[in-house]
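This report concerns only the one structure given below.
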Amino acid sequence: MQWTADPFSPPPPRKPVLIVLHGEHSSSGRIGRLLRELGAPLDIRRPRFGDPLPKTMRDHSGAVFFGGPMSVNDEEDWLKREIDWIGAPLKENKPFLGICLGAQLLARHLGHNVGAHPEGRVEVGYYPIRPTECGRSLCDCPFPTRVYQWHREGFDCPRGAVLLAEGEDFEAQAIQVGDKAFGLQFHPDVTYAMICKWTVTAQERMEQPGAQLRQRHIDGWFQYDGAVARWTSAFLRRWLGPPEPGEFAPAE
């Protein structure tokens, strides 16, 4: 049975969720807001700029690794440390969520290749995906079938993972590892403000093969984001699950 929060009661306090960001000014977007609504404070860290990662997940209720402009194949020490660190939540069976680059880091931790499309195509804008049977039964909300993308590399389903959704140019759009680890190639975290910013500050990305023009990003938000938002809220409740025993003091 899936745990659902009582919409008429304040959420119980939880241990913080570890938030790993890869840009100096990037944010956790919708994901961060929804986690706070579920009672989880955010422990925001940027290992790229020197922040350490915890040795264990003992003091955290989950971890979310977000996207970034770098490649998982870059030879940066901090990137290698992030890839290795993902073993902590997997070993301790704690919730882990990788988004875009974060999903690729999860695939690389599993020993899988991540790379560019053989024809140099990218996904930048709103694109259709096909949820699998496992994806459709993941939580109590329909899996979105058109989602926001911002990536030039991808991967197919790693060995040991379950494919939850697939795409045309990049197979693995959502994967599950065990019961609590997930990788999403797309961006359920994105807000309207983030789309407006990305499509202005990184206009060159929309000139690559397969990318969509800026107006299609804006139009896509109004067409498709409602379904993405509803699914993201339901998915995060399933992902975070009920508070652990002893995580908060019971009511008198």
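All heavy atoms count here, side chains included; hydrogens, waters and symmetry mates do not.
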Quiz item: What's the shortest heavy-atom distance between C157 and A172, and which atoms?
Solution: N-CB, 4.0 Å

Exercise. State whether the number of non-hydrogen atoms from other residues, nucleotides or ligands found under 6.0 Å of E168 atom CD is greater than 12.
Key: no

Exercise. State yes or no: are the ring centers of W85 and F65 separated by less than 6.0 Å?
Key: yes

Quiz item: Is there a chain of hydrophobic side chains (I, L, V, M, F, W, Y, each step under 4.5 Å between heavy atoms) that links I129 to F182?
Solution: yes

Self-check item: Spacing of CH2 belonging to W239 relative to CG belonging to L34, to within rounding of 0.5 Å
Solution: 11.5 Å

Quiz item: Under a single-linkage definition using a 4.5 Å side-chain heavy-atom cutoff for Ile, Leu, Val, Met, Phe, Trp and Tyr, are L38 and V64 assigned to the same hydrophobic cluster?
Solution: yes

Quiz item: Any side-chain heavy atom of V228 within less than 4.5 Å of one from T232?
Solution: yes

Quiz item: So if you build clusters from Ile, Leu, Val, Met, Phe, Trp, Tyr with side-chain heavy-atom gaps below 4.5 Å, do L53 and L101 land together?
Solution: yes

Quiz item: Given side chains that start at C-beta, do those of L236 and E37 come closer than 4.5 Å, heavy atoms only?
Solution: no

Exercise. Show the numbers, then the answer: is there a side chain to side chain contact (heavy atoms under 4.5 Å, CB included) between F170 and H151?
Key: CA-CA 10 Å; F170 297 91; H151 67 102; 3.4 Å; yes

Self-check item: Distance-only donor-acceptor check, side chains E123 and Q212, under 3.5 Å
Solution: no

Quiz prompt | Contact check, side chains of F66 and S28, non-hydrogen atoms, under 4.5 Å | solution = yes

Quiz item: Same cluster or not: are I31 and V147 linked, directly or through other Ile, Leu, Val, Met, Phe, Trp or Tyr residues, by side-chain heavy atoms under 4.5 angstrom apart?
Solution: yes

Quiz item: Just wondering, more than 12 heavy atoms not from R216 lying within 6.0 Å of its CZ?
Solution: no

Quiz item: Given the rule in the side chain to side chain contact (heavy atoms under 4.5 Å, CB included) test, do K94 and S61 qualify, once you have shown the distances and angles that lead to the verdict?
Solution: CA-CA 7 Å; K94 297 292 286 284; S61 57; 5.6 Å; no

Quiz prompt | Note, H60 side chain near P89 side chain (heavy atom, < 4.5 Å) | solution = no

Practice problem: Decide yes or no for Q104 and E153: does some side-chain heavy atom of the first lie under 4.5 Å from some side-chain heavy atom of the second? | Solution: yes

Quiz prompt | Pairs touching residues 50-68 that satisfy salt bridge (Lys or Arg N to Asp or Glu O under 4.0 Å), sequence neighbours left out | solution = none

Quiz item: Taking atom types as modelled, is there a side-chain donor on T132 or R136 under 3.5 Å from an acceptor on the other?
Solution: no

Quiz prompt | Flag for N113-R108: side-chain donor and acceptor within less than 3.5 Å | solution = no

Quiz item: Looking only at heavy atoms, which two atoms of R14 and G241 are closest? And how far apart?
Solution: NH2-O, 2.7 Å

Quiz item: According to the interplanar angle, ranging from 0 to 90°, do the rings of F186 and F143 count as parallel (below 30°), tilted (30 to 60°) or perpendicular (above 60°)?
Solution: perpendicular

Quiz item: Nearest heavy-atom pair of N73 and G115: which atoms, and what distance?
Solution: ND2-CA, 4.5 Å

Exercise. Could you verify whether a donor N or O on one side chain and an acceptor N or O on the other, from D84 and H109, lie under 3.5 Å apart?
Key: no

Practice problem: May I ask you to decide whether R30 forms a salt bridge with D225, counting only side-chain N to carboxylate O separations under 4.0 Å? | Solution: yes

Practice problem: Mind checking salt bridge (charged side-chain N to carboxylate O under 4.0 Å, His left out) for E166 and listing every partner two or more places apart, or none if nothing turns up? | Solution: R130

Self-check item: Distance, nearest 0.5 Å, that separates CH2 of W150 from SG of C100
Solution: 10.5 Å

Practice problem: Kindly indicate whether the side chain of Q176, heavy atoms from C-beta on, has any atom under 4.5 Å from the side chain of C134. | Solution: no

Quiz item: Under 4.5 Å between side-chain heavy atoms, hopping through other hydrophobics if needed: is there a path connecting V124 to I218?
Solution: yes

Quiz item: Okay, side chain of S233, backbone of A229: is any donor-acceptor separation there less than 3.5 Å?
Solution: no

Quiz item: Distance from M70 atom CE to L105 atom CG, nearest 0.5 Å?
Solution: 9.5 Å

Quiz item: What heavy-atom pair brings K180 and N93 nearest, and what distance separates the two atoms?
Solution: CD-O, 3.1 Å

Quiz prompt | Check ion pair E76-K80 (N to O, under 4.0 angstrom) | solution = no

Quiz item: Taking it one step at a time, do D169 and E119 satisfy side chain to side chain contact (heavy atoms under 4.5 Å, CB included)?
Solution: CA-CA 9 Å; D169 287 330; E119 298 176 4; over 6 Å; no

Self-check item: Pairwise distance CZ(F96) to CG(L18) - rounded to 0.5 angstrom
Solution: 9.5 Å

Quiz prompt | R36 CZ to R33 CZ distance, which is reported to the nearest 0.5 Å | solution = 8.5 Å

Quiz prompt | Atom pair SG (C141) and CZ (R230), whose distance is rounded to the nearest 0.5 Å | solution = 6.5 Å

Quiz item: Taking 4.0 angstrom as the limit, do D179 and R238 come out as a salt bridge?
Solution: yes

Quiz item: So, E82 and H22: side-chain donor and acceptor under 3.5 Å apart, yes or no?
Solution: yes

Quiz prompt | Nearest heavy-atom neighbours spanning P128 and R146 | solution = CD-NH1, 3.6 Å

Quiz item: Should L106 and V177 count as side-chain neighbours, where that means a heavy-atom distance under 4.5 Å?
Solution: yes

Quiz item: Pick from Y148, Y224, Y192, Y127: which one makes a ring pair (Phe, Tyr, Trp, His ring centres under 6.0 Å) with H217?
Solution: Y148

Exercise. Please name the pair of heavy atoms, one in L110 and one in P158, separated by the smallest distance, quoted to 0.1 Å.
Key: CD1-CB, 4.0 Å

Quiz item: Between Q149 and Q173, does any side-chain donor sit less than 3.5 Å from a side-chain acceptor?
Solution: yes

Quiz item: Quick one: side chain to side chain donor-acceptor pair (under 3.5 Å) partners of D219, sequence neighbours excluded?
Solution: Q215

Quiz item: Are L21 and I44 side-chain neighbours, meaning at least one heavy-atom pair lies under 4.5 Å?
Solution: yes

Practice problem: For side chain to side chain contact (heavy atoms under 4.5 Å, CB included), just list the numbers for T199 and R205, CA-CA rounded to whole Å, side-chain angles, deciding distance to a tenth of an Å, and then say yes or no. | Solution: CA-CA 8 Å; T199 54; R205 296 293 292 273; over 6 Å; no

